[in-house]
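Below is one structure, written out as structure tokens, with a few remarks after it.
Values below: all heavy atoms of this structure, side chains included; hydrogens, waters and symmetry mates excluded.
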Amino acid sequence: MSWQQYIDNLTGTKQVAKAGIYGADGSHWACSPDLQPKPAELASMIKGFSDPNPLYASGVRINDVKYVFLRTNEDGTGLYFKKGTTGGVLAKAGKCFVLGMYDEGMQPGACNTQVEKIAAYLKDAGY
């Protein structure tokens, strides 16, 4: 399966508005056309997996939009953020990260679950 097919599968669930898969170095592997985070934005989020405290103060930026950083999950593989009725999750696989965003009218938990499933699958597959 191509990387773009993972993105298409995520957005096809109608529980994820846009998604992307990025390498540990912040390189773009595949993403929705309107989800193009800058390298510095990705680097800041990726650093949050080792120390999320700066994200609580500065928030998360994606496509020049600032989101409130909410929390990490218990096992440290997910970063959650929101702005009003939109938001998302950056889930850590092994060698990559999966970013999923939800829009107004979507359930945040459903989006998070879909993104985390793909990240776990990719980790199990060696990515």
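Without hydrogens or angle criteria, H28 side chain to P37 main chain gives a donor-acceptor distance under 3.5 Å. Side-chain N or O atoms of S44 include none that pairs as donor or acceptor with a backbone N or O of A40 at under 3.5 Å.
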*Is there a side-chain contact (heavy atoms from CB on, under 4.5 Å) between F81 and M45 once you walk through the steps?*
CA-CA 11 Å; F81 52 91; M45 291 175 62; 3.9 Å; yes

*Take L99 and L35 through the side-chain contact (heavy atoms from CB on, under 4.5 Å) test and state the conclusion after the steps.*
CA-CA 9 Å; L99 176 61; L35 185 60; 3.9 Å; yes

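Pairs engaging residues 94-112 under the side-chain hydrogen bond (donor to acceptor under 3.5 Å, both in side chains) rule: none recorded [sequence neighbours left out]. Screening residues 57-70 for side-chain hydrogen bond (donor to acceptor under 3.5 Å, both in side chains) gives K38-D64 as the qualifying pairs, with residues at least two apart or on separate chains. Listed by first and then second residue, the side-chain hydrogen bond (donor to acceptor under 3.5 Å, both in side chains) pairs that reach into residues 116-127 are Y80-E116, sequence neighbours excluded. Residue pairs meeting the ring pair (Phe, Tyr, Trp, His ring centres under 6.0 Å) criterion with at least one partner in residues 40-64, sequence neighbours excluded, are F49-F97, Y56-F69. A side-chain hydrogen bond (donor to acceptor under 3.5 Å, both in side chains) check over residues 13-23, counting only residues at least two apart or in different chains, returns the pairs Q15-Q114.
The line from CG of D25 to SG of C96 is 11.0 Å long, rounded to the nearest 0.5 Å. Rounding to the nearest 0.5 Å gives a distance of 7.0 Å between CG of D8 and OG of S2. Rounded to the nearest 0.5 angstrom, L79 CG and N73 CG are separated by 8.0 Å.
Using a 4.5 Å heavy-atom cutoff, the side chains of P108 and K82 are not in contact. Residues K83 and V65 have side chains in contact (heavy-atom distance under 4.5 Å, counting atoms from C-beta outward).
Between T72 and P52 the shortest heavy-atom distance is CG2-CB, 3.9 Å. Here the closest non-hydrogen pair linking G78 and V89 is CA-CG2, 4.4 Å. Considering every non-hydrogen atom in both G26 and L42, the closest pair reads O-CD1, 3.3 Å. In this structure, L122 and A93 approach most closely via the heavy-atom pair CB-CB, 4.2 Å. The minimum heavy-atom distance linking L10 with A19 is given by the pair CD1-CB, 3.8 Å.
Put simply, M101 and M106 are part of two different groups of oily side chains (I, L, V, M, F, W, Y) that touch within less than 4.5 Å, one to the next. Under a hydrophobic-cluster definition in which Ile, Leu, Val, Met, Phe, Trp and Tyr are linked whenever side-chain heavy atoms come within less than 4.5 Å, directly or via other members, V16 and V98 are assigned to the same cluster. When hydrophobic clusters are built by joining Ile, Leu, Val, Met, Phe, Trp and Tyr residues whose side-chain heavy atoms come closer than 4.5 Å, directly or via intermediates, L90 is not grouped with I21.
Between the side chains of S32 and D34, no donor N or O sits under 3.5 Å from an acceptor N or O.
Applying the side-chain contact (heavy atoms from CB on, under 4.5 Å) test to S50 and every residue at least two apart in sequence or in another chain returns nothing.
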